[in-house]
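Each remark here refers to the structure printed beneath this line.
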Protein chains: 2
Amino acid sequence: MAKSNRLADEGFARFKTYLREQRLKSTAQRDAIVEIFLKGAGHVSVEELYGAVRKQNPRIGYATVYRTMKLLTECGLADERHFRNGEARYEIAEKDHHDHLICERCGKIVEFEEDRIEALQEETARRLGFELRGHKMELYGVCLDCRRRGREN
Amino acid sequence: MAKSNRLADEGFARFKTYLREQRLKSTAQRDAIVEIFLKGAGHVSVEELYGAVRKQNPRIGYATVYRTMKLLTECGLADERHFRNGEARYEIAEKDHHDHLICERCGKIVEFEEDRIEALQEETARRLGFELRGHKMELYGVCLDCRRRGREN
DNA sequence: GCGATATTGAAACTCATTTTCACTTAGTTC
DNA sequence: GAACTAAGTGAAAATGAGTTTCAATATCGC
Ligand SMILES: [Mn+2]
Ligand SMILES: [Mn+2]
Ligand SMILES: [Zn+2]
Ligand SMILES: [Zn+2]
């Protein structure tokens with residue numbers, strides 16, 4: 001009986017609507033996965049999601065989690081990201097566009113928006129004759145906590 | 001009997017030196033792969049490299065190409081990149097740092113340097129308490145040729 | 001040349017993700 | 001509410017990039 005929050009509820013409703021529109025079926029599995037995803041902290045991997053979902057319903061299969069996250073991505077509720085490690089990570093697609101700063105030591109992910117960079121990316125693409133459609137920008141470094149921790153050792 | 005160029009020759013010599021230093025062996029396979037890589041156009045995949053190498057020596061195995069590219073990367077002669085499609089692509093690591101602008105239609109890859117963006121990335125990381133170690137930035141769009149071609153159709 | 005050590009190619013294996021398929025369900029129709 | 005049917009499910013097999021294993025082969029220092 002997780003406490004419900006407005007964003008998760010809205011997302012859930014949107015998902016249900018999407019299913020109806022596409023004549024797809026509402027199932028207990030999909031509900032469980034989507035609910036857990038929407039209430040979670042973001043940047044979650046399929047494996048993590050699978051682990052969480054299994055606690056509620058241990059019979060759900062890996063393939064269903066993959067299929068459901070694909071659905072969520074298609075309907076615009078989730079964004080799929082790929083950082084430096086192969087597996088996909090998903091976040092709720094509510095927010096404005098943002099990029100990521102990732103700690104190479106502890107894996108912490110910090111989000112940021114920097115309009116001046118976005119503007120320069122536009123300018124750069126135009127200068128080279130391109131019509132810009134999207135970009136991928138990840139900054140990698142060491143966070144304050146990890147630098148402190150390093151010093152103490 | 002490919003025409004030799006200075007950069008490729010220098011790279012080749014550096015590779016040979018590296019092998020000697022590490023007490024690794026010089027083999028015909030390594031020579032063939034490295035030579036073809038160094039003379040190539042850059043942003044090459046293992047598959048493409050393998051195809052080219054096979055024309056010279058059809059008995060070379062995939063694993064050897066992978067192993068050799070790993071060696072080249074370790075010794076600082078090649079840079080491994082990962083664009084939007086899974087497989088690794090390699091380029092000669094001679095040049096200054098640069099980022100990439102990629103056409104979503106034809107796959108063309110254009111390199112660019114933009115110090116103003118680099119500076120803002122530094123600034124952003126610092127503002128968030130990080131010591132910046134690296135970044136990944138790729139711009140995706142449609143190139144001039146493809147836009148023209150699109151109009152004609 | 002000898003011998004220790006590294007390298008090779010083929011095939012087996014990983015890891016994340018997708019596909020297949022027999023079976024079970026949800027949503028509709030009477 | 002039973003019957004129908006298209007969609008969904010889980011398990012297992014398949015995929016694709018890349019790595020590892022291993023027996024056979026080649027290189028390098030003497
Ligand atoms: Mn994010
Ligand atoms: Mn490049
Ligand atoms: Zn950290
Ligand atoms: Zn193009």
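Labels below follow one simple rule: chain letters A, B, ... track the order of the sequence lines, proteins then strands, and each chain is numbered from 1. Worth knowing before you read on, the calculation uses all heavy atoms, side chains too, and leaves out hydrogens, waters and symmetry mates.
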How close or far is atom [atom2] of [N] from atom [atom1] of [X], stated in whole angstroms?
| X | N | atom1 | atom2 | result |
| --- | --- | --- | --- | --- |
| B/Arg54 | C/dT8 | CZ | C1' | 13 Å |
| A/Met69 | C/dT17 | CE | C1' | 14 Å |
| B/Gln29 | C/dA6 | CD | P | 17 Å |
| B/Tyr66 | C/dA11 | OH | C1' | 15 Å |
| A/Glu48 | C/dA16 | CD | P | 12 Å |
| A/Lys25 | C/dT25 | NZ | C1' | 6 Å |
| A/Asp31 | C/dA26 | CG | P | 10 Å |
| A/Glu47 | C/dC15 | CD | P | 10 Å |

Is it true that atom CD of B/Glu123 has more than 12 heavy atoms of other residues, nucleotides or ligands lying nearer than 6.0 Å?
-> yes
- Task: Assess whether atom CD of A/Glu47 is packed by more than 12 heavy atoms of other residues, nucleotides or ligands within 6.0 Å.
- Result: no
Judged by nearest nucleotide, the residue sitting upstream toward the 5' end of DNA chain D, A/Ala28 or B/Leu24, is A/Ala28
Nearest-nucleotide check on DNA chain D, B/Glu80 vs B/Arg20; residue mapping nearer the 5' end is B/Glu80
| request: Would you confirm whether the ring centroid of B/His82 sits within less than 6.0 angstrom of the ring centroid of A/His82? | output: no
Between A/Tyr62 and B/Arg23, whichever has its closest DNA chain C nucleotide further toward 5' is B/Arg23
Does a side-chain heavy-atom distance below 4.5 Å link B/Lys16 with B/Ser26? yes
To the nearest 0.5 Å, atom CE of B/Met137 lies from atom CD of A/Glu138 at 12.0 Å
dist A/His135:NE2 -> A/Ile117:CD1 (nearest 0.5 Å) comes out at 8.5 Å
Below the 4.0 Å mark, does C/dT8 have OP1 or OP2 next to a side-chain nitrogen or oxygen of B/Arg30? yes
Nt span of DNA chain D in reach of chain B heavy atoms at under 4.0 Å, 5' end first, is D/dA17 to D/dC28
Quick note, B/Ala63 side chain, CB onward, closest among C/dT17, C/dA11, C/dT19 is C/dA11
Joining Ile, Leu, Val, Met, Phe, Trp and Tyr whenever any side-chain heavy atoms lie under 4.5 Å apart, the cluster holding B/Tyr140 also takes in B/Phe83, B/Ile102, B/Ile109
For this session: Kindly indicate whether the side chain of A/Arg67 and the base of C/dT20 share any N or O donor-acceptor pair separated by less than 3.5 Å?
Result: yes
